[in-house]
Number of protein chains: 2
Amino acid sequence: MKIYKGEKKRQYVTNHSIVHLFSFPIEEHIEVHEYERDEWIIQEDRRPNYLFYVIEGKAKIYVTYQNGKVSLLNFINADEYIGEMELLNDVYYTKGIQASTKTICFAFPFHRYRDRLLEDAKFLRELTKFLSVKATNMAAKYSQSLAFPLENRLADFILQTADRGVYKEKHVTVCDYLGVSYRHLLHVLTQFCEKNYLEKEGRNYRIKQYDSLYSLTEVLKNK
Amino acid sequence: MKIYKGEKKRQYVTNHSIVHLFSFPIEEHIEVHEYERDEWIIQEDRRPNYLFYVIEGKAKIYVTYQNGKVSLLNFINADEYIGEMELLNDVYYTKGIQASTKTICFAFPFHRYRDRLLEDAKFLRELTKFLSVKATNMAAKYSQSLAFPLENRLADFILQTADRGVYKEKHVTVCDYLGVSYRHLLHVLTQFCEKNYLEKEGRNYRIKQYDSLYSLTEVLKNK
DNA sequence: CTCAAAATATGAGATATCTCATATTATTAA
DNA sequence: TTAATAATATGAGATATCTCATATTTTGAG
(Lines give C-alpha, C1' and ligand atoms only; values in the text may rest on other atoms or scores of the structure.)
Protein backbone atom coordinates (compact mmCIF):
# COMPACT_ATOMS: atom_id res chain seq x y z
CA MET A 1 0.00 0.00 0.00
CA LYS A 2 1.26 3.46 -0.89
CA ILE A 3 0.02 6.80 0.37
CA TYR A 4 0.32 9.55 -2.18
CA LYS A 5 1.71 12.86 -0.99
CA GLY A 6 2.49 16.25 -2.42
CA GLU A 7 2.00 16.81 -6.13
CA LYS A 8 0.72 13.30 -6.91
CA LYS A 9 -1.89 13.58 -4.21
CA ARG A 10 -2.96 17.03 -5.33
CA GLN A 11 -3.33 15.74 -8.85
CA TYR A 12 -5.74 12.98 -7.85
CA VAL A 13 -7.77 15.24 -5.62
CA THR A 14 -8.11 17.68 -8.48
CA ASN A 15 -8.75 15.27 -11.32
CA HIS A 16 -11.27 13.17 -9.42
CA SER A 17 -13.13 15.87 -7.62
CA ILE A 18 -15.74 14.65 -5.18
CA VAL A 19 -16.78 17.96 -3.70
CA HIS A 20 -20.24 17.47 -5.20
CA LEU A 21 -20.83 14.44 -2.98
CA PHE A 22 -20.64 16.43 0.25
CA SER A 23 -22.05 19.64 1.58
CA PHE A 24 -18.96 20.53 3.58
CA PRO A 25 -15.35 20.99 2.51
CA ILE A 26 -14.07 17.46 2.32
CA GLU A 27 -10.53 17.75 1.08
CA GLU A 28 -8.52 18.87 4.03
CA HIS A 29 -7.81 15.55 5.76
CA ILE A 30 -8.32 13.26 2.84
CA GLU A 31 -5.67 10.65 2.02
CA VAL A 32 -5.00 8.97 -1.31
CA HIS A 33 -4.12 5.28 -1.06
CA GLU A 34 -2.87 2.96 -3.75
CA TYR A 35 -3.21 -0.83 -3.44
CA GLU A 36 -1.62 -3.28 -5.82
CA ARG A 37 -3.34 -6.25 -7.38
CA ASP A 38 -4.26 -8.95 -4.83
CA GLU A 39 -3.45 -6.70 -1.89
CA TRP A 40 -5.99 -6.61 0.94
CA ILE A 41 -7.51 -3.16 1.34
CA ILE A 42 -9.37 -4.37 4.41
CA GLN A 43 -8.64 -7.62 6.19
CA GLU A 44 -11.51 -9.83 7.19
CA ASP A 45 -12.61 -9.40 10.82
CA ARG A 46 -10.37 -6.33 11.31
CA ARG A 47 -12.24 -3.06 11.43
CA PRO A 48 -10.82 -0.40 9.13
CA ASN A 49 -10.05 3.12 10.27
CA TYR A 50 -11.16 4.74 7.04
CA LEU A 51 -14.11 5.16 4.81
CA PHE A 52 -12.85 4.61 1.26
CA TYR A 53 -14.09 5.91 -2.03
CA VAL A 54 -12.69 4.04 -5.04
CA ILE A 55 -11.46 6.28 -7.84
CA GLU A 56 -9.62 3.74 -9.99
CA GLY A 57 -9.55 -0.03 -10.08
CA LYS A 58 -11.67 -2.92 -8.97
CA ALA A 59 -11.96 -4.99 -5.81
CA LYS A 60 -13.70 -8.02 -4.36
CA ILE A 61 -15.61 -8.57 -1.12
CA TYR A 62 -14.83 -11.90 0.54
CA VAL A 63 -16.16 -13.74 3.56
CA THR A 64 -14.74 -16.93 5.04
CA TYR A 65 -16.50 -19.59 7.07
CA GLN A 66 -15.09 -21.71 9.85
CA ASN A 67 -14.96 -24.77 7.62
CA GLY A 68 -12.77 -22.92 5.16
CA LYS A 69 -15.50 -22.19 2.60
CA VAL A 70 -15.00 -18.86 0.91
CA SER A 71 -17.64 -16.70 -0.69
CA LEU A 72 -17.02 -13.82 -3.06
CA LEU A 73 -19.97 -11.62 -2.17
CA ASN A 74 -19.57 -8.93 -4.77
CA PHE A 75 -17.30 -6.77 -6.86
CA ILE A 76 -16.55 -3.15 -6.08
CA ASN A 77 -15.89 -0.68 -8.88
CA ALA A 78 -14.81 2.93 -9.26
CA ASP A 79 -17.08 5.52 -7.60
CA GLU A 80 -18.21 3.12 -4.91
CA TYR A 81 -17.65 3.20 -1.17
CA ILE A 82 -15.76 0.71 0.98
CA GLY A 83 -16.02 0.64 4.75
CA GLU A 84 -19.44 2.25 4.85
CA MET A 85 -20.79 -0.59 6.99
CA GLU A 86 -18.25 0.16 9.68
CA LEU A 87 -18.96 3.87 9.41
CA LEU A 88 -22.61 3.22 10.20
CA ASN A 89 -22.57 0.24 12.54
CA ASP A 90 -20.58 -0.27 15.69
CA VAL A 91 -21.35 -3.97 15.60
CA TYR A 92 -20.49 -5.52 12.27
CA TYR A 93 -18.45 -8.47 11.06
CA THR A 94 -15.92 -6.87 8.72
CA LYS A 95 -15.61 -8.54 5.32
CA GLY A 96 -12.29 -8.83 3.52
CA ILE A 97 -11.74 -6.47 0.59
CA GLN A 98 -9.11 -7.46 -1.96
CA ALA A 99 -7.96 -5.38 -4.91
CA SER A 100 -8.29 -7.29 -8.17
CA THR A 101 -6.42 -4.64 -10.14
CA LYS A 102 -4.27 -1.74 -9.00
CA THR A 103 -6.76 0.31 -7.01
CA ILE A 104 -6.64 3.92 -5.93
CA CYS A 105 -8.99 5.26 -3.27
CA PHE A 106 -9.68 8.36 -1.30
CA ALA A 107 -9.47 7.46 2.38
CA PHE A 108 -11.41 9.44 4.99
CA PRO A 109 -10.19 8.77 8.54
CA PHE A 110 -13.23 7.91 10.63
CA HIS A 111 -12.11 9.98 13.59
CA ARG A 112 -12.03 13.14 11.52
CA TYR A 113 -15.02 12.62 9.29
CA ARG A 114 -17.53 10.33 10.94
CA ASP A 115 -19.56 12.91 12.83
CA ARG A 116 -19.75 15.35 9.96
CA LEU A 117 -20.62 12.65 7.42
CA LEU A 118 -23.46 11.37 9.55
CA GLU A 119 -24.94 14.88 9.66
CA ASP A 120 -24.60 15.55 5.94
CA ALA A 121 -27.86 14.97 4.07
CA LYS A 122 -26.21 15.16 0.66
CA PHE A 123 -23.73 12.43 1.54
CA LEU A 124 -26.31 10.32 3.33
CA ARG A 125 -28.75 10.55 0.45
CA GLU A 126 -26.23 9.13 -2.00
CA LEU A 127 -25.02 6.51 0.44
CA THR A 128 -28.60 5.45 1.06
CA LYS A 129 -29.14 4.97 -2.66
CA PHE A 130 -25.90 3.06 -2.95
CA LEU A 131 -26.94 0.76 -0.13
CA SER A 132 -30.43 0.30 -1.50
CA VAL A 133 -28.97 -0.87 -4.80
CA LYS A 134 -26.58 -3.13 -2.94
CA ALA A 135 -29.38 -4.68 -0.89
CA THR A 136 -31.53 -5.11 -3.98
CA ASN A 137 -28.74 -6.80 -5.90
CA MET A 138 -27.94 -9.15 -3.06
CA ALA A 139 -31.61 -10.07 -2.75
CA ALA A 140 -31.78 -10.80 -6.47
CA LYS A 141 -28.65 -12.91 -6.35
CA TYR A 142 -29.94 -14.78 -3.35
CA SER A 143 -33.28 -15.70 -4.79
CA GLN A 144 -31.86 -16.51 -8.21
CA SER A 145 -29.22 -18.75 -6.76
CA LEU A 146 -31.88 -20.78 -5.01
CA ALA A 147 -34.41 -20.78 -7.80
CA PHE A 148 -32.22 -21.59 -10.80
CA PRO A 149 -29.39 -23.94 -11.65
CA LEU A 150 -25.92 -22.75 -12.49
CA GLU A 151 -26.64 -22.94 -16.21
CA ASN A 152 -28.86 -19.86 -16.03
CA ARG A 153 -26.73 -17.82 -13.65
CA LEU A 154 -23.54 -18.61 -15.51
CA ALA A 155 -25.05 -17.58 -18.85
CA ASP A 156 -25.96 -14.26 -17.24
CA PHE A 157 -22.48 -13.83 -15.79
CA ILE A 158 -20.81 -14.64 -19.11
CA LEU A 159 -22.87 -12.08 -20.98
CA GLN A 160 -22.21 -9.47 -18.31
CA THR A 161 -18.47 -9.92 -18.22
CA ALA A 162 -17.58 -10.91 -21.79
CA ASP A 163 -15.11 -8.59 -23.44
CA ARG A 164 -15.97 -8.14 -27.13
CA GLY A 165 -17.52 -11.57 -27.42
CA VAL A 166 -14.88 -13.39 -25.39
CA TYR A 167 -15.31 -14.67 -21.84
CA LYS A 168 -12.04 -14.45 -19.92
CA GLU A 169 -12.78 -14.67 -16.22
CA LYS A 170 -10.72 -16.85 -13.92
CA HIS A 171 -12.52 -20.02 -12.92
CA VAL A 172 -11.26 -19.93 -9.35
CA THR A 173 -12.80 -16.51 -8.87
CA VAL A 174 -16.05 -17.29 -10.61
CA CYS A 175 -16.82 -20.40 -8.63
CA ASP A 176 -16.47 -18.45 -5.39
CA TYR A 177 -18.71 -15.76 -6.83
CA LEU A 178 -21.43 -18.05 -8.16
CA GLY A 179 -21.16 -20.27 -5.11
CA VAL A 180 -20.50 -23.58 -6.84
CA SER A 181 -17.58 -25.96 -6.85
CA TYR A 182 -14.77 -25.54 -9.33
CA ARG A 183 -15.61 -28.95 -10.70
CA HIS A 184 -19.19 -28.07 -11.41
CA LEU A 185 -18.36 -24.74 -13.04
CA LEU A 186 -16.05 -26.53 -15.49
CA HIS A 187 -18.72 -29.11 -16.09
CA VAL A 188 -21.31 -26.55 -17.16
CA LEU A 189 -18.79 -24.65 -19.27
CA THR A 190 -18.02 -27.89 -21.07
CA GLN A 191 -21.73 -28.38 -21.69
CA PHE A 192 -21.93 -24.91 -23.21
CA CYS A 193 -19.09 -25.85 -25.54
CA GLU A 194 -20.72 -29.17 -26.47
CA LYS A 195 -23.92 -27.30 -27.34
CA ASN A 196 -21.77 -24.86 -29.29
CA TYR A 197 -22.86 -21.85 -27.25
CA LEU A 198 -19.16 -21.24 -26.57
CA GLU A 199 -15.92 -22.23 -28.20
CA LYS A 200 -12.75 -22.63 -26.26
CA GLU A 201 -9.87 -20.40 -27.35
CA GLY A 202 -6.84 -21.31 -25.30
CA ARG A 203 -7.77 -20.20 -21.81
CA ASN A 204 -10.77 -18.15 -22.92
CA TYR A 205 -14.18 -18.88 -24.38
CA ARG A 206 -15.62 -17.19 -27.47
CA ILE A 207 -19.38 -16.70 -27.56
CA LYS A 208 -20.78 -18.53 -30.60
CA GLN A 209 -24.52 -18.42 -29.89
CA TYR A 210 -25.39 -15.22 -28.08
CA ASP A 211 -29.11 -15.92 -28.44
CA SER A 212 -28.95 -19.30 -26.77
CA LEU A 213 -27.11 -17.83 -23.80
CA TYR A 214 -29.46 -14.89 -23.68
CA SER A 215 -32.52 -17.09 -23.57
CA LEU A 216 -31.00 -18.91 -20.60
CA THR A 217 -30.87 -15.60 -18.75
CA GLU A 218 -34.46 -14.66 -19.44
CA VAL A 219 -35.93 -16.96 -16.84
CA LEU A 220 -34.01 -14.95 -14.23
CA LYS A 221 -36.25 -11.99 -14.87
CA ASN A 222 -39.27 -11.21 -12.75
CA LYS A 223 -42.82 -11.86 -13.82
CA MET B 1 -57.41 -2.23 3.95
CA LYS B 2 -58.78 0.32 6.35
CA ILE B 3 -57.69 3.89 6.87
CA TYR B 4 -58.06 5.08 10.42
CA LYS B 5 -59.60 8.49 10.92
CA GLY B 6 -60.48 10.77 13.82
CA GLU B 7 -59.97 9.50 17.31
CA LYS B 8 -58.57 6.10 16.34
CA LYS B 9 -55.98 7.74 14.13
CA ARG B 10 -55.03 10.29 16.77
CA GLN B 11 -54.58 7.47 19.25
CA TYR B 12 -52.09 5.64 17.07
CA VAL B 13 -50.17 8.78 16.21
CA THR B 14 -49.90 9.58 19.89
CA ASN B 15 -49.13 6.13 21.24
CA HIS B 16 -46.56 5.29 18.60
CA SER B 17 -44.82 8.59 18.33
CA ILE B 18 -42.20 8.77 15.62
CA VAL B 19 -41.30 12.43 15.89
CA HIS B 20 -37.82 11.43 17.04
CA LEU B 21 -37.13 9.86 13.64
CA PHE B 22 -37.43 13.14 11.75
CA SER B 23 -36.18 16.64 12.14
CA PHE B 24 -39.32 18.25 10.76
CA PRO B 25 -42.96 18.01 11.89
CA ILE B 26 -44.08 14.76 10.36
CA GLU B 27 -47.60 14.27 11.58
CA GLU B 28 -49.70 16.60 9.49
CA HIS B 29 -50.30 14.49 6.38
CA ILE B 30 -49.65 11.10 7.85
CA GLU B 31 -52.19 8.33 7.31
CA VAL B 32 -52.74 5.23 9.42
CA HIS B 33 -53.47 2.06 7.43
CA GLU B 34 -54.59 -1.32 8.67
CA TYR B 35 -54.09 -4.48 6.60
CA GLU B 36 -55.55 -7.84 7.51
CA ARG B 37 -53.72 -11.11 7.47
CA ASP B 38 -52.72 -12.22 3.96
CA GLU B 39 -53.65 -8.88 2.43
CA TRP B 40 -51.15 -7.34 0.01
CA ILE B 41 -49.76 -4.07 1.32
CA ILE B 42 -47.89 -3.57 -1.95
CA GLN B 43 -48.52 -5.61 -5.07
CA GLU B 44 -45.57 -6.94 -6.98
CA ASP B 45 -44.54 -4.80 -9.94
CA ARG B 46 -46.88 -1.96 -8.94
CA ARG B 47 -45.15 1.05 -7.46
CA PRO B 48 -46.65 2.21 -4.19
CA ASN B 49 -47.59 5.82 -3.51
CA TYR B 50 -46.49 5.74 0.10
CA LEU B 51 -43.54 5.17 2.30
CA PHE B 52 -44.75 2.94 5.13
CA TYR B 53 -43.53 2.57 8.67
CA VAL B 54 -44.81 -0.57 10.41
CA ILE B 55 -46.09 0.01 13.92
CA GLU B 56 -47.80 -3.33 14.57
CA GLY B 57 -47.71 -6.69 12.86
CA LYS B 58 -45.48 -8.60 10.52
CA ALA B 59 -45.17 -8.88 6.76
CA LYS B 60 -43.32 -10.80 4.05
CA ILE B 61 -41.43 -9.64 0.97
CA TYR B 62 -42.09 -11.79 -2.11
CA VAL B 63 -40.72 -11.92 -5.61
CA THR B 64 -42.04 -14.07 -8.45
CA TYR B 65 -40.19 -15.37 -11.50
CA GLN B 66 -41.55 -15.94 -14.96
CA ASN B 67 -41.52 -19.69 -14.48
CA GLY B 68 -43.77 -19.35 -11.45
CA LYS B 69 -41.06 -19.81 -8.82
CA VAL B 70 -41.67 -17.72 -5.75
CA SER B 71 -39.09 -16.49 -3.29
CA LEU B 72 -39.79 -15.11 0.17
CA LEU B 73 -36.94 -12.64 0.47
CA ASN B 74 -37.43 -11.54 4.03
CA PHE B 75 -39.75 -10.74 6.88
CA ILE B 76 -40.64 -7.22 7.94
CA ASN B 77 -41.36 -6.41 11.55
CA ALA B 78 -42.59 -3.48 13.60
CA ASP B 79 -40.45 -0.33 13.41
CA GLU B 80 -39.25 -1.09 9.90
CA TYR B 81 -39.85 0.74 6.64
CA ILE B 82 -41.67 -0.51 3.56
CA GLY B 83 -41.46 1.25 0.21
CA GLU B 84 -38.11 2.85 0.91
CA MET B 85 -36.65 1.43 -2.30
CA GLU B 86 -39.25 3.28 -4.34
CA LEU B 87 -38.70 6.42 -2.31
CA LEU B 88 -35.05 6.39 -3.27
CA ASN B 89 -34.98 4.87 -6.75
CA ASP B 90 -36.98 5.85 -9.79
CA VAL B 91 -36.04 2.61 -11.47
CA TYR B 92 -36.81 -0.38 -9.30
CA TYR B 93 -38.72 -3.61 -9.66
CA THR B 94 -41.29 -3.44 -6.86
CA LYS B 95 -41.49 -6.54 -4.68
CA GLY B 96 -44.77 -7.78 -3.27
CA ILE B 97 -45.41 -7.15 0.43
CA GLN B 98 -47.95 -9.34 2.20
CA ALA B 99 -49.16 -8.97 5.75
CA SER B 100 -48.71 -12.18 7.71
CA THR B 101 -50.66 -10.88 10.67
CA LYS B 102 -52.92 -7.88 11.06
CA THR B 103 -50.55 -5.04 10.30
CA ILE B 104 -50.84 -1.35 11.07
CA CYS B 105 -48.59 1.19 9.39
CA PHE B 106 -48.04 4.87 9.16
CA ALA B 107 -48.25 5.83 5.49
CA PHE B 108 -46.43 8.90 4.17
CA PRO B 109 -47.65 9.96 0.71
CA PHE B 110 -44.61 10.33 -1.51
CA HIS B 111 -45.83 13.50 -3.14
CA ARG B 112 -46.03 15.29 0.19
CA TYR B 113 -42.99 13.89 1.93
CA ARG B 114 -40.41 12.77 -0.60
CA ASP B 115 -38.49 16.01 -1.00
CA ARG B 116 -38.38 16.80 2.68
CA LEU B 117 -37.38 13.26 3.64
CA LEU B 118 -34.51 13.26 1.19
CA GLU B 119 -33.18 16.45 2.79
CA ASP B 120 -33.51 15.25 6.36
CA ALA B 121 -30.20 13.99 7.76
CA LYS B 122 -31.82 12.47 10.82
CA PHE B 123 -34.20 10.39 8.73
CA LEU B 124 -31.55 9.49 6.17
CA ARG B 125 -29.10 8.41 8.83
CA GLU B 126 -31.53 5.91 10.29
CA LEU B 127 -32.65 4.72 6.88
CA THR B 128 -29.04 4.22 5.86
CA LYS B 129 -28.44 2.07 8.91
CA PHE B 130 -31.60 0.10 8.22
CA LEU B 131 -30.50 -0.54 4.65
CA SER B 132 -26.98 -1.44 5.68
CA VAL B 133 -28.36 -4.11 7.99
CA LYS B 134 -30.68 -5.31 5.25
CA ALA B 135 -27.84 -5.57 2.75
CA THR B 136 -25.64 -7.34 5.29
CA ASN B 137 -28.33 -9.85 6.13
CA MET B 138 -29.08 -10.59 2.51
CA ALA B 139 -25.37 -11.10 1.83
CA ALA B 140 -25.14 -13.51 4.76
CA LYS B 141 -28.19 -15.43 3.62
CA TYR B 142 -26.84 -15.58 0.09
CA SER B 143 -23.47 -16.95 0.95
CA GLN B 144 -24.82 -19.34 3.56
CA SER B 145 -27.39 -20.73 1.19
CA LEU B 146 -24.67 -21.58 -1.29
CA ALA B 147 -22.11 -22.80 1.17
CA PHE B 148 -24.24 -25.02 3.39
CA PRO B 149 -26.97 -27.62 2.99
CA LEU B 150 -30.48 -27.11 4.27
CA GLU B 151 -29.69 -29.03 7.44
CA ASN B 152 -27.60 -26.16 8.78
CA ARG B 153 -29.83 -23.32 7.65
CA LEU B 154 -32.97 -25.02 8.87
CA ALA B 155 -31.45 -25.64 12.31
CA ASP B 156 -30.71 -21.93 12.49
CA PHE B 157 -34.21 -21.00 11.41
CA ILE B 158 -35.80 -23.37 13.91
CA LEU B 159 -33.82 -21.93 16.80
CA GLN B 160 -34.62 -18.39 15.70
CA THR B 161 -38.35 -18.89 15.38
CA ALA B 162 -39.13 -21.49 18.00
CA ASP B 163 -41.68 -20.36 20.55
CA ARG B 164 -40.79 -21.69 24.02
CA GLY B 165 -39.08 -24.77 22.64
CA VAL B 166 -41.68 -25.49 19.97
CA TYR B 167 -41.25 -24.91 16.24
CA LYS B 168 -44.56 -23.93 14.63
CA GLU B 169 -43.85 -22.32 11.28
CA LYS B 170 -45.87 -23.22 8.21
CA HIS B 171 -43.96 -25.47 5.83
CA VAL B 172 -45.26 -23.72 2.72
CA THR B 173 -43.85 -20.42 3.96
CA VAL B 174 -40.56 -21.82 5.14
CA CYS B 175 -39.69 -23.58 1.91
CA ASP B 176 -40.15 -20.32 -0.01
CA TYR B 177 -37.99 -18.57 2.57
CA LEU B 178 -35.19 -21.11 2.67
CA GLY B 179 -35.39 -21.61 -1.08
CA VAL B 180 -35.92 -25.36 -1.13
CA SER B 181 -38.73 -27.57 -2.28
CA TYR B 182 -41.54 -28.49 0.05
CA ARG B 183 -40.56 -32.11 -0.38
CA HIS B 184 -37.00 -31.53 0.71
CA LEU B 185 -37.95 -29.43 3.72
CA LEU B 186 -40.15 -32.25 5.00
CA HIS B 187 -37.37 -34.70 4.32
CA VAL B 188 -34.87 -32.87 6.49
CA LEU B 189 -37.44 -32.30 9.24
CA THR B 190 -38.06 -36.04 9.26
CA GLN B 191 -34.32 -36.62 9.60
CA PHE B 192 -34.23 -34.28 12.60
CA CYS B 193 -37.00 -36.34 14.17
CA GLU B 194 -35.24 -39.63 13.41
CA LYS B 195 -32.11 -38.29 15.09
CA ASN B 196 -34.32 -37.17 17.96
CA TYR B 197 -33.38 -33.51 17.63
CA LEU B 198 -37.10 -32.79 17.29
CA GLU B 199 -40.28 -34.55 18.22
CA LYS B 200 -43.46 -34.10 16.29
CA GLU B 201 -46.41 -32.80 18.30
CA GLY B 202 -49.41 -32.72 16.02
CA ARG B 203 -48.58 -30.07 13.52
CA ASN B 204 -45.65 -28.67 15.50
CA TYR B 205 -42.20 -29.87 16.47
CA ARG B 206 -40.77 -29.83 19.97
CA ILE B 207 -37.05 -29.28 20.32
CA LYS B 208 -35.54 -32.27 22.11
CA GLN B 209 -31.82 -31.69 21.59
CA TYR B 210 -31.10 -28.00 21.56
CA ASP B 211 -27.36 -28.63 21.57
CA SER B 212 -27.39 -30.79 18.47
CA LEU B 213 -29.32 -28.16 16.56
CA TYR B 214 -27.10 -25.42 17.88
CA SER B 215 -23.96 -27.18 16.74
CA LEU B 216 -25.44 -27.42 13.26
CA THR B 217 -25.73 -23.63 13.23
CA GLU B 218 -22.17 -23.01 14.32
CA VAL B 219 -20.63 -23.72 10.94
CA LEU B 220 -22.66 -20.79 9.60
CA LYS B 221 -20.53 -18.41 11.60
CA ASN B 222 -17.56 -16.60 10.15
CA LYS B 223 -13.99 -17.54 10.82
C1' DC C 1 -72.53 -27.23 7.65
C1' DT C 2 -70.47 -28.04 3.29
C1' DC C 3 -67.37 -27.93 -0.21
C1' DA C 4 -63.38 -26.15 -2.48
C1' DA C 5 -58.92 -24.70 -1.77
C1' DA C 6 -54.81 -24.84 0.87
C1' DA C 7 -51.66 -27.29 3.59
C1' DT C 8 -49.64 -31.51 5.05
C1' DA C 9 -47.65 -35.91 4.01
C1' DT C 10 -45.02 -39.65 1.64
C1' DG C 11 -42.88 -42.45 -2.23
C1' DA C 12 -39.85 -42.95 -6.16
C1' DG C 13 -36.97 -41.67 -9.68
C1' DA C 14 -34.21 -37.88 -11.83
C1' DT C 15 -30.58 -34.38 -11.78
C1' DA C 16 -27.75 -30.66 -10.06
C1' DT C 17 -24.02 -30.27 -7.47
C1' DC C 18 -20.27 -31.88 -4.33
C1' DT C 19 -16.10 -34.32 -2.86
C1' DC C 20 -11.97 -36.38 -3.68
C1' DA C 21 -8.23 -38.00 -6.45
C1' DT C 22 -4.94 -36.99 -9.72
C1' DA C 23 -2.38 -34.58 -13.85
C1' DT C 24 -0.95 -30.87 -16.42
C1' DT C 25 0.07 -26.14 -17.19
C1' DA C 26 0.89 -21.31 -15.86
C1' DT C 27 2.64 -17.95 -12.63
C1' DT C 28 5.61 -16.06 -9.16
C1' DA C 29 9.27 -15.52 -5.82
C1' DA C 30 13.92 -16.53 -4.75
C1' DT D 1 16.47 -20.52 -14.01
C1' DT D 2 14.37 -23.11 -10.69
C1' DA D 3 11.23 -24.64 -7.65
C1' DA D 4 7.07 -23.84 -5.29
C1' DT D 5 2.44 -22.36 -5.72
C1' DA D 6 -1.73 -21.37 -8.08
C1' DA D 7 -4.75 -22.39 -11.77
C1' DT D 8 -6.61 -25.44 -15.11
C1' DA D 9 -8.42 -29.90 -16.31
C1' DT D 10 -10.90 -34.40 -16.05
C1' DG D 11 -12.89 -38.81 -14.03
C1' DA D 12 -15.85 -41.27 -10.83
C1' DG D 13 -18.73 -41.93 -7.16
C1' DA D 14 -21.62 -39.72 -3.46
C1' DT D 15 -25.37 -36.78 -1.89
C1' DA D 16 -28.37 -32.82 -1.66
C1' DT D 17 -32.15 -31.39 -3.78
C1' DC D 18 -35.87 -31.45 -7.32
C1' DT D 19 -39.97 -33.05 -9.85
C1' DC D 20 -43.99 -35.39 -10.14
C1' DA D 21 -47.65 -38.28 -8.51
C1' DT D 22 -50.97 -39.04 -5.20
C1' DA D 23 -53.53 -39.16 -0.61
C1' DT D 24 -55.06 -37.11 3.60
C1' DT D 25 -56.10 -33.39 6.59
C1' DT D 26 -57.12 -28.65 7.68
C1' DT D 27 -59.01 -24.18 6.74
C1' DG D 28 -62.07 -20.66 5.16
C1' DA D 29 -65.97 -18.72 2.49
C1' DG D 30 -70.65 -18.93 1.59
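In what follows, every chain begins at residue 1, and chains take the letters A, B, ... in the order their sequences are listed.
- Distances were taken from every side-chain heavy atom of R153(B) (C-beta onward) to each of dT17(D), dA9(C), dA16(C); the shortest belongs to dT17(D).
- DNA chain D is contacted by both R183(A) and R203(A); R203(A) maps to the nucleotide lying nearer its 5′ end (nearest heavy atom per residue).
- Taking the ring centroids of F148(B) and Y65(A), they lie under the 6.0 Å cut-off.
- Look at CG on N152(A): it is 10 Å from P on dA16(C), rounded to the nearest Å.
- Between the P atom of dC18(D) and the CZ atom of F148(A) lies a distance of 13 Å, rounded to the nearest Å.
- Rounded to an integer number of Å, the gap from CG of L146(A) to P of dT17(D) is 10 Å.
- Between R37(A) and the phosphate of dT28(C), there is a side-chain N or O to OP1/OP2 separation shorter than 4.0 Å.
- Contact annotation: K170(A) does not reach the phosphate of dA6(D) (side-chain N/O to OP1 or OP2, under 4.0 Å).
- For the pair K69(B) and dC18(D), the criterion of a side-chain N or O lying under 4.0 Å from OP1 or OP2 is not met.
- For H187(A), no side-chain nitrogen or oxygen approaches OP1 or OP2 of dA16(C) to under 4.0 Å.
- Taking all atoms of both residues into account, the shortest heavy-atom contact from N152(B) to L220(B) is O-CD1, 3.8 Å.
- Distance L186(A) CG to dT25(C) C1': 14 Å, rounded to the nearest Å.
- Ring planes of H187(B) and H184(B): parallel class, angle under 30° (limits at 30 and 60°).
- When heavy atoms are screened at a 4.0 angstrom cut-off, H184(B) is found touching base atoms of the nucleic acid.
- In this structure, the nucleotide among dT17(C), dA9(C), dC18(D) sitting nearest to the side chain of Y205(B) is dA9(C).
- Protein atom CG of L178(A) is 16 Å distant from nucleotide atom C1' of dC18(C), rounded to whole Å.
- Aromatic pair Y50(B)/H33(B): ring centres closer than 6.0 Å.
- Where T173(B) and L185(A) each meet DNA chain C at their nearest nucleotide, the meeting point lying more 5' is that of T173(B).
- The side chain of V172(B) has dA7(C) as its nearest neighbour among dT17(D), dC18(C), dA7(C).
- The interatomic distance linking L150(A) (CG) with dA16(D) (C1') rounds to 16 Å, in whole Å.
- Ring geometry for F192(A) versus Y197(A): interplanar angle of 30 to 60°, hence tilted.
- Protein atom CD of E201(A) is 17 Å distant from nucleotide atom C1' of dT8(D), rounded to whole Å.
- Taking atom OH of residue Y182(A) and atom P of nucleotide dA12(D), one finds them 18 Å apart after rounding to whole Å.
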